[in-house]
Amino acid sequence: MVSARRTSLEFREKIARMRLIRSENIGPVTFRELLLRYGSAVDALKALPGLARRGGRKGPLRIATEQQIEQELISVERAGAMVLHIGTKEYPVPLANIEDAPPVLFALGHLHLLERTCIAIVGGRNASIGGHMLAKQFAGAFGAAGLVTVSGMARGIDASAHEGSLKFGTIAVLAGGVDVLFPPENATLYEQIQAQGLVISEAVMGMRPQGRHFPRRNRIISGLSRSVVLIEAKRKSGSLITARYAADQGRTVYAVPGSPQDPRSMGCNDLIRDGATLVQDPEDVLQEWSDGEQGLLFEPEYSTPQPPLIASDDDIAKARAFLNSSLSVTPVHLDEVVRLSGLFPAALRAALIELELAGIVLRHPGERFSRKP
């Protein structure tokens with residue numbers, strides 16, 4: 001998480017933050033670590049070329065320009081969208097606390113929905129009639145209880161979950177830009193959610209969604225939500241990716257069981273076997289929430305980030321040398337690197353950023369790293 005205070009950012013810092021996340025080899029986690037290390041995106045941008053050179057980069061690092069960001073903001077304004085920066089009062093608190101929270105979100109619709117408690121409903125695209133009915137039933141009951149339903153606006157269970165919660169408040173998380181309709185058959189639903197709910201995405205305006213964008217979209221669905229409910233998720237379904245993210249983020253995963261002879265329910269049945277909570281109707285979820293610590297009025301707080309430890313240049317150089325000689329194309333957790341190297345974690349983190357900016361090291365979810373093939 002970037003900041004423990006929900007603040008107003010100066011315009012110059014907002015532009016710098018957008019430049020930083022749009023620059024080469026910088027993802028959400030690297031963005032966060034650079035902000036913690038340098039205190040602002042303005043200062044982090046100044047440091048980027050030197051960091052990349054120390055990591056072994058030969059050519060210049062591609063850093064987004066102010067002109068590029070200004071053009072992007074023009075597109076945002078034309079679409080009538082809003083920009084949400086992590087750490088500001090508009091940015092949703094639960095999402096800000098996940099490891100790889102998007103530094104910037106774009107939104108169309110009613111921002112106040114982000115202040116309410118959210119629950120996700122996801123499932124398969126090839127849903128049965130019964131699955132559609134269940135999704136609407138769950139979403140309607142959650143909405144009547146004061147919850148906001150979050151989903152991905154895909155065909156199938158997602159679309160029915162949005163339809164069932166429209167009048168109460170629903171949030172659609174897109175894999176492409178908020179101004180890009182996908183899939184086309186959800187055109188009416190897309191317009192309704194803009195009018196009555198909220199559409200959000202981390203993707204730049206105008207971006208058409210591609211396959212690799214959907215898993216990243218799914219971490220936002222679970223990150224916004226206190227729990228995730230799966231209905232008719234088959235094995236190898238994208239909904240199971242959402243469930244994995246939810247578990248990693250400390251969210252409760254609920255699954256509606258189905259016939260063992262129906263492939264559309266195999267993923268849900270597997271989740272229940274592996275420890276997800278079995279639910280058959282929305283009251284099962286609402287009752288557990290009211291009985292446990294995860295009540296409807298629960299409001300997560302920002303955790304105060306610890307200031308980063310500063311490593312010496314010599315220690316960073318040792319860490320860089322160790323990483324260059326020891327990392328392979330197989331991802332390894334940072335804790336294992338610390339154990340094997342005997343080096344300070346602060347030095348290793350600093351060296352990993354340099355090597356990442358140089359394009360030598362790849363960062364994977366869960367603080368795992370590998371050498372770029």
Side-chain angles (χ1 to χ4, degrees), residues 27-29 84 86 91-92 94-107 113-114 118-127 131 135 138-139 148-162 165 170-178 180 182-183 186 189-190 193 197-204 207-256 264 266-268 270-271 274 276 363-366 368:
V29 178
L84 313 181
I86 192 168
Y91 197 96
L95 184 62
N97 280 311
I98 72 171
E99 177 192 29
D100 53 351
V104 178
L105 286 172
F106 301 96
L113 295 175
L114 294 172
C118 297
I119 186 166
I121 299 176
V122 295
R125 289 172 169 81
N126 183 28
F138 272 76
V148 173
T149 295
V150 180
S151 199
M153 213 183 79
R155 63 178 67 90
I157 296 298
D158 288 21
S160 291
H162 288 307
S165 57
T170 190
I171 298 174
V173 185
L174 306 188
V178 293
V180 176
F182 185 85
N186 282 349
L189 178 61
Y190 174 75
I193 296 176
L198 183 67
V199 179
I200 66 170
S201 176
E202 68 177 327
V204 298
M207 177 179 285
R208 303 291 303 177
Q210 299 178 26
R212 68 179 186 275
H213 298 146
F214 289 93
R216 295 183 55 75
R217 181 274 310 267
N218 293 351
R219 87 191 194 285
I220 300 176
I221 293 175
S222 56
L224 285 169
S225 308
R226 298 305 305 151
S227 299
V228 175
V229 178
L230 281 87
I231 301 173
E232 288 194 355
K234 65 181 182 179
R235 286 174 177 154
K236 297 185 179 179
S237 164
S239 304
L240 300 185
I241 297 175
T242 309
R244 286 197 293 273
Y245 277 126
D248 291 343
Q249 295 163 356
R251 277 59 168 159
T252 305
V253 177
Y254 299 98
V256 178
R264 287 175 291 205
M266 293 292 191
C268 287
D270 289 349
L271 282 174
D274 294 339
R363 183 186 297 267
H364 305 272
R368 295 179 305 129

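The structure presented is a predicted model; accordingly, all values stated were derived computationally and were not measured.
- Under a cutoff of 6.0 Å and an axis angle of 45°, Arg217 and Phe182 do not form a cation-pi pair.
- A distance of 9.5 Å separates CG of Leu198 from CD1 of Ile193, quoted to the nearest 0.5 Å.
- Listed for the Ser151 side chain is a donor-acceptor partner under 3.5 Å among the backbone atoms of Ile121.
- None of Arg264, Arg155, Glu232 except one satisfies the side chain to side chain contact (heavy atoms under 4.5 Å, CB included) rule with Arg125; the exception is Arg155.
- Rounding to the nearest 0.5 Å places CZ of Arg208 at 12.0 Å from NE2 of His213.
- The two residues Phe214 and Pro209 have their closest heavy-atom pair at CZ-CB, 3.9 Å.
- When all heavy atoms of Ser239 and Ala233 are compared, the closest pair comes out as CB-CB, 4.0 Å.
- Closest approach of Gly366 and Glu99 over heavy atoms only: N-OE1, 3.3 Å.
- Rounded to the nearest 0.5 Å, atoms OG (Ser222) and CD (Gln249) are 3.5 Å apart.
- Residues Asp158 and Gly152 share a closest heavy-atom pair of OD2-N, 3.1 Å.
- Thr149 places no side-chain N or O within 3.5 Å of a backbone atom of Thr170 that could act as its donor or acceptor partner.
- Within the 4.5 Å cutoff, the side chain of Ile157 has no heavy atoms near those of the Leu230 side chain.
- The nearest pair of heavy atoms linking Val199 to Tyr190 is CG1-CE1, 4.4 Å.
- A donor-acceptor distance shorter than 3.5 angstrom exists from the side chain of Asn218 to the backbone of Gly238, with no hydrogens or angles considered.
- Proximity of Pro92 to Leu105: side-chain heavy atoms (C-beta onward) are separated by under 4.5 Å at one or more points.
- Atom CZ in Arg219 sits 7.5 Å away from atom CG in Leu95 (nearest 0.5 Å).
- Between the CG atom of Leu271 and the CG atom of Leu240 there is a distance of 5.5 Å, given to the nearest 0.5 Å.
- Between the CE atom of Met207 and the CG atom of Leu174 there is a distance of 12.5 Å, given to the nearest 0.5 Å.
- Closest non-hydrogen pair, Pro102 versus Glu202, comes out as CB-OE1, 3.5 Å.
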